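Before any comments, here is the structure.
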Amino acid sequence: MGSQSEFLSRAEDFADQFLRYSKNYLPHIARLCLVSTFLEDGLRMWWQWHEQREYMDISWGCGYFLATLFVLVNLVGQLGGVFMVLFRKKVEVACGILLFIVALQTIAYQILWDMQFLFRNLALIGGLALVLAESKKEARSIFAGVPSLGENKPKTYLMLGGRILLVFMFLTLVRFEFSVMQIFQIVIGGLLMALVAVGYKTKLSAFLLVLWLNVFNVYVNAWWSIPAYKPMRDFLKYDFFQ
């Protein structure tokens with residue numbers, strides 16, 4: 001028990017040191033990560049303007065005008081909201097716009113009946129809650145978005161709610177397959193996500209979770225290895241940024 005406690009103490013010290021050295025960059029990186037899905041999807045609306053418009057027209061039979069309006073709202077709303085968040089311009093308004101986009105896409109793409117995409121949208125709402133909470137804090141957090149529950153801040157419950165909603169992102173990664181790698185992924189990832197959600201040794205848990213999910217993400221969602229003409233490339237790209 002003594003050696004285990006000493007190891008945890010050293011690991012926490014390392015995490016603290018890392019955060020201390022990178023405290024000027026992490027808030028910006030954290031905000032970018034929290035809204036990266038909106039950035040990627042907004043750019044997709046620009047690059048695939050005709051395809052997205054045709055998809056909406058075919059899916060809903062809504063006509064050229066409404067289909068174009070849907071793509072335009074998604075493009076401007078997402079890119080505009082991301083810009084406002086990254087440059088800290090009326091962050092509350094930006095989060096409201098991005099929340100509207102989440103609700104609009106949930107209805108338009110009929111995500112409400114697809115549990116995997118619904119969980120991802122709940123995770124996006126959790127990310128927006130963290131962005132909003134971080135913007136409201138009087139004192140800037142060293143590690144934006146994942147403060148510990150011990151902090152006596154007015155927005156603690158908003159942050160807790162955001163972290164709990166982010167757990168839904170992990171649930172979309174779970175595959176109930178009886179393989180050693182899958183079981184390992186569920187146990188390790190689930191444990192770290194739970195520690196972050198409840199705020200136990202948050203800095204260390206979040207640091208390890210970031211490392212774990214980055215390795216997992218690059219291995220599973222390597223969209224750059226798929227030819228551009230294959231639809232799977234877009235799916236993997238979407239998953240990668242989420």
Side-chain angles (χ1 to χ4, degrees), residues 27-136 144-145 158 162 165-166 168-169 172 217 221 223-224 226-242:
H28 306 291
I29 296 172
R31 282 192 294 273
L32 176 61
C33 288
L34 288 170
V35 297
S36 62
T37 299
F38 297 105
L39 176 61
E40 188 274 333
D41 198 48
L43 292 174
R44 186 204 306 270
M45 294 292 169
W46 176 269
W47 292 327
Q48 299 180 359
W49 176 274
H50 298 291
E51 294 89 336
Q52 294 291 334
R53 186 177 59 194
E54 287 177 9
Y55 175 81
M56 288 307 302
D57 190 12
I58 293 171
S59 297
W60 287 91
C62 56
Y64 178 88
F65 176 76
L66 288 179
T68 302
L69 183 63
F70 172 82
V71 177
L72 183 63
V73 167
N74 273 272
L75 190 155
V76 175
Q78 290 186 105
L79 295 184
V82 167
F83 176 87
M84 292 165 71
V85 167
L86 294 181
F87 291 94
R88 302 179 68 80
K89 304 292 185 182
K90 298 187 180 298
V91 177
E92 298 91 342
V93 176
C95 289
I97 293 171
L98 295 175
L99 181 61
F100 169 75
I101 295 295
V102 171
L104 180 65
Q105 290 190 352
T106 299
I107 297 170
Y109 295 126
Q110 302 179 24
I111 294 171
L112 198 58
W113 314 117
D114 187 319
M115 294 307 293
Q116 187 177 42
F117 280 99
L118 180 61
F119 283 170
R120 288 177 180 173
N121 273 8
L122 289 173
L124 285 179
I125 294 172
L128 291 176
L130 294 179
V131 170
L132 183 60
E134 192 265 345
S135 72
K136 289 289 189 180
L158 184 59
L165 285 175
L166 283 180
F168 285 104
M169 183 61 68
T172 66
N217 197 24
N221 298 317
W223 57 270
W224 52 86
I226 306 295
Y229 63 86
K230 291 191 175 182
M232 180 58 68
R233 181 186 174 95
D234 279 344
F235 285 109
L236 290 180
K237 193 175 182 182
Y238 181 78
D239 287 348
F240 178 85
F241 282 95
Q242 280 216 321

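Everything numeric in this text was worked out from a predicted model, so none of it was measured. Numbering of residues begins at 1 and proceeds along the displayed sequence.
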Heavy-atom pair of closest approach, residues Arg53 and Thr68: CD-OG1, 2.9 Å
Glu134 side, atom CD; Arg31 side, atom CZ - distance, nearest 0.5 Å: 5.0 Å
Passing candidate, ring pair (Phe, Tyr, Trp, His ring centres under 6.0 Å) with Phe70, options Trp60, Trp49, Tyr109: Tyr109
Heavy-atom closest contact (Met84 atom, Lys90 atom, distance): CE-O, 3.5 Å
Gap between atom CD of Gln78 and atom CG of Leu104 - 0.5 Å precision: 9.5 Å
Spacing of Ile29 atom CD1 and Leu34 atom CG [to the nearest 0.5 Å]: 12.0 Å
Trp46 atom CH2: more than 12 heavy-atom contacts under 6.0 Å: no
Min side-chain heavy-atom separation Thr37-Tyr238 under 4.5 Å: yes
Heavy-atom closest pair, residues Gly162 and Ala129: CA-CB, 4.0 Å
Rounded distance [0.5 Å steps], CG in Asp41 versus CD in Gln48: 9.5 Å
For the student: nearest non-hydrogen atoms of Met56 and Ala67, plus distance: CB-CB, 4.1 Å
Smallest separation among heavy atoms of Val35 and Val82, with atom names: O-CG2, 3.7 Å
From CZ (Phe241) to CG (Asn217), nearest 0.5 Å: 9.5 Å
Straight-line distance of Leu75 CG to Leu43 CG, nearest 0.5 Å: 8.0 Å
Test item: Leu32 and Leu39 side chains (from C-beta on) under 4.5 Å apart, heavy atoms: yes
Flag for Gln105-Asn121: side-chain donor and acceptor within less than 3.5 Å: no
Validation row: Leu86, His28 side chains within 4.5 angstrom (heavy atoms): no
Ion pair check, Arg44 and Glu51, cut-off under 4.0 Å: no
Would you mind writing out the side-chain donor-acceptor pairs for residues 93-102 within the sub-3.5 Å range, not counting sequence neighbours?
none

